[in-house]
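The structure presented is a predicted model; accordingly, all values stated were derived computationally and were not measured.
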Amino acid sequence: MTEYLLLASALFSIGLYGALSQQSIVMIMMGLELMINAVIVGGAAFWYYTAPDRPDGQVVIVVAITAMAVEMAAGFAVTTAIFRARDVDMTDLAADLRD
Amino acid sequence: MGVTSWLLRHTRPSLLVVTAPGGTGARVAAERYARERGWRLALNPAEANMLVVAGGGLEPYATRVWRTVPAPRVRVDVAVSAAVPGALAAALELLHDADEQRRQAQPAGAPEHAHAATSQTGHEEHAGCGGPSHDAADHPHAAHGSQPAGHSHHGDASGHGGHEHGDGQPSHGGHEQGDASGHDGHEHGGGQPSHGGHDHHMAGMASPGGVPMADRAPDRDGLMLDQLHVPLGPALPLWPPGLIVHTRLQGDVIQDATVEVLDGTHDSFWAAHPVARRLDASARLLALAGWVDAATTAQRLRDQALDGTAPQEPLRRWASRVRRSRSLRWLLAGVGRTESGDALDRLHGWLDRRDEPQWTVTGLPDLLAGTEFAAARLTVASLHG
Amino acid sequence: MDVVFWVCAAGAVASGIAVFRVDSMARATFALLASFVFASVTVLLADLTYLGILVILMMVMEMVIMVVFMVMYMMNPAGLMPMTMVHNKKGALVISVATFGVLAAGSVLVDWPGTDAARPADPTMALGQALMGPRMLTMVVLGLALFATIVATVVLATHRGRYDRYGDRLDRRPPDDPVRGGLGR
Amino acid sequence: MARVATTDAAVEPTAWWSALPLLALLCLFAFAATAFDAVLAARAAGRSTRSAALEPLRTVTGLLVQQRRRTLAADGLLWRGAGLVLLVAAVLASGVTPLGRWAVADLDVGVVWFNAMEIVAWAAVWLAGWGPNSAFSLVGGYRFVAQGLAYELPHMFALTTVAIGAGSLRVADIAGAQRGLWFVVWMPVAFLGYLVSVLAMSFSRPFDQATGSDLAGGAGAELSGVDRLVFLAGRQVLLVSGAAMAVPLFLGGGAGPLLPDWSWSLVKTAAVLALLVLAGRRMPTVRVERFMEVAWMVLIPATLLQALFVSIVVS
């Protein structure tokens, strides 16, 4: 249990670092994916060690996988739309779109 | 050592045939020789071990291709078809000769093969062979040039380690020979005569590792994406002799094309053999379409037609098989459409012996602009018999 | 079993770090893929064969598509010029290290409850029964979310609609496409 | 033809060392497919077909002594890793395929495992195209990703259909569920979709546009020597894996009269493989831009309807 949660914490923190520090939308998405990966590992651990008789842990993983797919599809669509409009894929520059 | 030479003796020859203007006769003879002996016809320098330069006057392109052929390798220059059997038989000896091939695997500076030493031209103005090697073509890995503000340069190149930059010489053209597995493992890569294929691209641009940056241009979906300048020909298999098409390539799409023709393209070879000429054109088109068996049969019939043993019945059977093929119709319909029809119509014209393959360059740039790469190759093959 | 877990955990973390350390976009993407594969092996070790393999399957597809977008849009796809594209590196590092500290302390210090409950003979079957039974609502919502995503992303990403293809009266045949498709419509 | 199996279709997992004979068997079949292809090529060329069967061996010796190439600013790690990844994934995909009543691993989600392993080809081919920093290679890599988007959904629906039909994701259960009637008989559309996607996933003819002649070899254009050998072997083994999986999924596994079930598995695999190779030689290369529309407008709805039909029959 502890080792799984340690792994999940490490993955989550790396993903958080990426999501906070990167400028490119695609790189930020990579950070988010790593964080969701941590959720998957954590969900598996909770299911296996605390409640294997109930399906909730597995359902959490299914939801996380779906969230990952949605996040990626939406991210690429937004990137494409921004890129088409302004020829940039950087969040700092996308902020200029407001003015 | 013993194992290497044993393996070498049993190596199947794999021919990369490049054709100079006026070299059609030699090309046809080489293709025939290879087919009858079960030698492979290579599509690119990487899988070749014999470079056959049919006809003269293909420098500097032929030498650039030659430089990218990995050892074991033999280069054969033949101008006329009569010389082909002798030259290829001798080449086979050289290919299977362990001492000779150890020399080929040596770094430059060691005694080079007699043919290869010829004509190392210095600074060429434009692109080299149209083979997949990328002398002077832009590199896909190169980032596009315009950098939005906010980018800082990293400074340390530590994340860089895994790249094989060769010797880092910016003026190095194309490939380097790797060390031969099974040979003595000698590392090399530097020391080849540099030639300035890239130089003129690089004025004023940052060029990591000697790689020119790709430009950017709007693609057909309205996105600003990288584009590469890729020359096709003249030293490209399944390509009309003497034709060079300079393309701007975005992914699989040719944005625009300009055409250049080398001197002496009008080959008198086919004048006396209209049937063989149609078969040769059909063979090339079918090979590019990926129907290998029909293409091989066409080549075989072509060679028989050249011998004068006109085989009416097999010819008729082959033609009706090609005409009946639904998948071929599905795949060629609408490719390279001009006012007189598309690639399929032109092929059927050859099959029905209505039309002669033409050699038209006018209108080619317009036809190629905006097409997919594969369709462009088929268009060229259907227009240039 | 333990050895496999620790090797995979170390691999997942190392390749996760590599994602933000390498210059090349291709390498970053495939480092992320490696991280996912390692992590899903640990999921496999927890008896969740279906979900573990599903993650591998999805991530390979996703990362290949991702790398295409990366190379399309990024400044420096092959990492030939060392460059960074980060802002506020220090702050991000501090926050994430602090987060790791909190989470790790939680994982080590909290006395997680164990269980004596019987493991299902077939976890995949249990999951399927749940999603098609008591957790049906979750499945419906997920399905709707995916459908909405498909529609929304296509609308966002494309600049050509059917009026561009078929004309203002939707009667143009064949449609005006950049290349002809396989049905010749 | 409906027939009753003479044996119990239960599959027993074998010891770990049985992975070695599996590897040997895969290599043998991959070589046989290549040799068969060479024989057909020799026949078209009007040559003796007897010596042609050994030509692939001579190609292999040639590749063993050939220099490995380097290209300017290549990404060597990703490039040379690509072929290896392809080969390993292709072998792993066959790990769940039963040979008669033996399988190296009898996973309870064997079908998903198979699917996950053959999708690795997407990554491998793209990497092979990306690695050498050459325009033609890269275009080949992109073409394969596009082709993947076209064939993958029909492939998944075909796999789903048989899983629904048997009510299990375990390959042994699926083979066992065909004791009365082979799935190919009442799921012909799924079978067809499966065969098309096997050709497409192993980028074999006629779905070889990723390594097509118009691109001078495409994704494999810059590979030479051992790298090329590994890449080509991976492609052939992937084709064999796909053909072998068709047997338990659609053709009743090892069921058959007289002969022991393992030999029926081999015979059926060889037949499917021969069919695929023959189909490849009778057609020109199917270009992705044409295939894409057919896949999405025809193949996906057809396989979906097949899955619906099977679901209704089963329930």
From [atom1] ([X]) to [atom2] ([Y]), nearest 0.5 Å:
{"X": "B/Asp97", "Y": "B/Ser5", "atom1": "CG", "atom2": "OG", "value": "10.0 Å"}
{"X": "B/Gln250", "Y": "B/Asp226", "atom1": "CD", "atom2": "CG", "value": "8.0 Å"}
{"X": "B/Glu31", "Y": "B/Thr296", "atom1": "CD", "atom2": "OG1", "value": "10.0 Å"}

Engaged part of [X] at the chain B interface, taking heavy atoms whose separation is under 4.5 Å:
{"X": "D/Trp130", "result": "both"}
{"X": "D/Val286", "result": "both"}
{"X": "D/Ala45", "result": "both"}
{"X": "D/Arg143", "result": "side chain"}
{"X": "D/Leu138", "result": "side chain"}

Decide, yes or no, whether a salt bridge links [X] with [Y] under the criterion of side-chain N to carboxylate O below 4.0 Å.
{"X": "B/Asp293", "Y": "D/Arg282", "result": "no"}
{"X": "B/Arg32", "Y": "B/Glu36", "result": "yes"}
{"X": "D/Asp37", "Y": "D/Arg205", "result": "yes"}
{"X": "B/Glu47", "Y": "D/Arg228", "result": "yes"}
{"X": "D/Arg47", "Y": "D/Glu55", "result": "yes"}

Structural part of [X] lying under 4.5 Å from a heavy atom of chain D:
{"X": "B/Asp252", "value": "both"}
{"X": "B/Trp239", "value": "neither"}
{"X": "B/Ala374", "value": "both"}
{"X": "B/Arg35", "value": "both"}
{"X": "B/Arg12", "value": "both"}
{"X": "B/Ala48", "value": "backbone"}
{"X": "B/Leu378", "value": "side chain"}
{"X": "B/Leu328", "value": "both"}

Distance-only side-chain donor-acceptor flag, D/Arg287 / D/Gln209, under 3.5 Å: no
Ring center gap for D/Tyr142 and D/Phe136 short of 6.0 angstrom: no
When B/Gly251, B/Gly38, B/Pro13 are compared by non-hydrogen pairs under 4.5 Å with chain D, the top option: B/Gly38
Top contributor to chain D contacts, counting heavy-atom pairs under 4.5 Å, from B/Gly290, B/Ser325, B/Ala295: B/Gly290
Partner chain B: residue of D/Ala146, D/Ser51, D/Gly280, D/Gly46 with the largest heavy-atom pair count (under 4.5 Å): D/Gly46
Between D/Gly217, D/Ala38, D/Ser213, the one whose heavy-atom pairs under 4.5 Å with chain B are most numerous: D/Ser213
Test: B/Arg37 cationic atom under 6.0 Å from B/Tyr33 six-membered ring centre, within 45° of axis: yes
